[in-house]
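Have a look at the structure below before the remarks.
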Amino acid sequence: MQEPATSVPAVAVTLDHVQQAARTLEGVILKTPLLQNLWLSRTYEAAVYLKREDLQIVRSYKIRGAYNKMATLPPAPGGREVVCASAGNHAQGVAHACQLLGVRGYIFMPAQTPAQKVDKVRLFGKEQVEVVLVGATFDDTYHEAKAFCDAHDYTFVHPFDDPAIVAGQATVGLEALQQATFNIDYCFMPIGGGGLASGVGSVFRQLSPHTKLIGVQPAGAPSMHNSIKVHQERRALETIESFVDGAAVKCPGELTYQLCRELLDDVVLVPEGQVCADLLKMYNEEGIVLELAGTLSISALRQYADEIKGKNVVCVISGSNNDITRMEDIKERALRFQGLKHYFMVTFNQQPGALRTFVNNVLQPEQDIIHFQYIKKNNKEKGPVFVGIEVQQSGDEELIKARMVEEGFSYEYLNGKPDFLALLV
């Protein structure tokens, strides 16, 4: 863990900037509540409060930075056109700001963006926006958007690397400090490009310097984490896991990297499976619908369980733009991460009773076969079978492996091969 940050860098967003942004946003955004979550508080023996940005009008904090940036643009002859690149939440924020301000906007989104997010952008932007679906990742989309913007001399509204964007996101922290009737010991914030963490961190360092500021990234997209803790310089990742799409950014911003490096006490990584499990728990236990990136700050509490006992903790839950069609995939990843679902390629000796032997002698009554598929149906002697098994507790898979060996079944365990498994599940 890093030593606590002790100084505010020269490039930090000032309190005056943030207060001006708050005035600009007056009547535009919802001042989201800061609510104690009793389930999380009991789980971690701490007072855990959620800053509910999932309740924002566009269901994320992104409207704050987008509107603040666009409302402060100088007038242009013939009107002002803006361009942005986003996987979803920033796009919705820019679209809504376009509609409120009467500004024409071109919203670039990755080609594989779920239809639900594209429809929401069009809903918020109405006739003011045009959606352009292009690129396989956010970074591809970003480069296409920048080229289009430069070619037409339009204004680019960056998703995070802009002082006006950071000042707008910083109002999340200003509100939290105004709402809290207690000293905030820890504040956990998600990081994609770093705009939220930079803004909230700037406010806390000026108004609540004792608060420990913890940034959180998905393990498959550790751009800010690696830049700060591994390389000690801003550096792009060669590849990323894009499943937590709202935080899947290959390279942090130049401004946001400087701010996060100076302001944050730590940047931690959480496995995607953990995020999936926590998203489902928040839905099932608390009735709170979150997207994966919006769940990151909650997932980080596990790593800080010892430190936060007896403390006042704030988690910024940053969005609820989740596509319902992804829930089965989210559940699948959560169960594998928790060690409750396991996949094998089993060689069955295709003789009468082989399947019965497998079910009766290898599996226990409480263990279920949830997937069974012959891979080579024309093999009369032996053939590999893809088998998925759901167990009651982590560790049961080792007993299954041992019993397969005892019964003469050869197998290959597939849970450690996610790329191969993705082709079959």
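Since the structure is predicted, the reported quantities are computational estimates derived from the model, not experimental observations. Note that the numbering runs from 1 along the sequence shown for the chain.
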Should the ring pair [X] and [Y] be called parallel, tilted or perpendicular, given that the plane angle runs from 0 to 90° and is split at 30 and 60?
X    : Y    : answer
F358 : F348 : tilted
F188 : Y186 : parallel
Y106 : Y154 : parallel
F386 : Y343 : parallel

Mind checking what makes side chain to side chain donor-acceptor pair (under 3.5 Å) contact with T357, not counting sequence neighbours?
-> none
Which residues share a side chain to side chain donor-acceptor pair (under 3.5 Å) with R302, sequence neighbours left out = Q274
Spacing of CG belonging to L133 relative to CD belonging to E144, to within rounding of 0.5 Å = 12.0 Å
Taking [X] first and then [Y], would you say they form a salt bridge - that is, a charged N and a carboxylate O separated by under 4.0 Å?
X    : Y    : answer
K250 : D140 : no
R64  : E53  : yes
K51  : E175 : yes
D161 : R234 : no

Say whether, by atom type as modelled, one donor and one acceptor occur between the side chain of Q56 and the main chain of D54 under 3.5 angstrom.
-> no
Return yes if some donor-acceptor pair links the side-chain N/O of E272 with the main-chain N/O of G220 below 3.5 Å, else return no.
-> yes
Please say whether the positively charged group of R326, taken as NZ for Lys or CZ for Arg, lies over the ring of F243, i.e. under 6.0 angstrom from the six-membered ring centre and within 45 degrees of the axis.
-> yes
Answer with yes or no whether the side chains of D278 and T295 bring together a donor and an acceptor at under 3.5 Å.
-> no
Is the count of non-hydrogen atoms from other residues, nucleotides or ligands lying under 6.0 Å from K401 atom NZ greater than 12?
-> yes
Test ring-ring contact (aromatic ring centres under 6.0 Å, His included) on H96 and Y67 and set out the steps.
-> CA-CA 8 Å; H96 189 51; Y67 189 91; 8.2 Å; no
Determine whether the aromatic ring centres of Y257 and F160 lie less than 6.0 Å apart.
-> no
Can you check whether I298 reaches L290 side chain to side chain, under 4.5 Å on heavy atoms?
-> yes
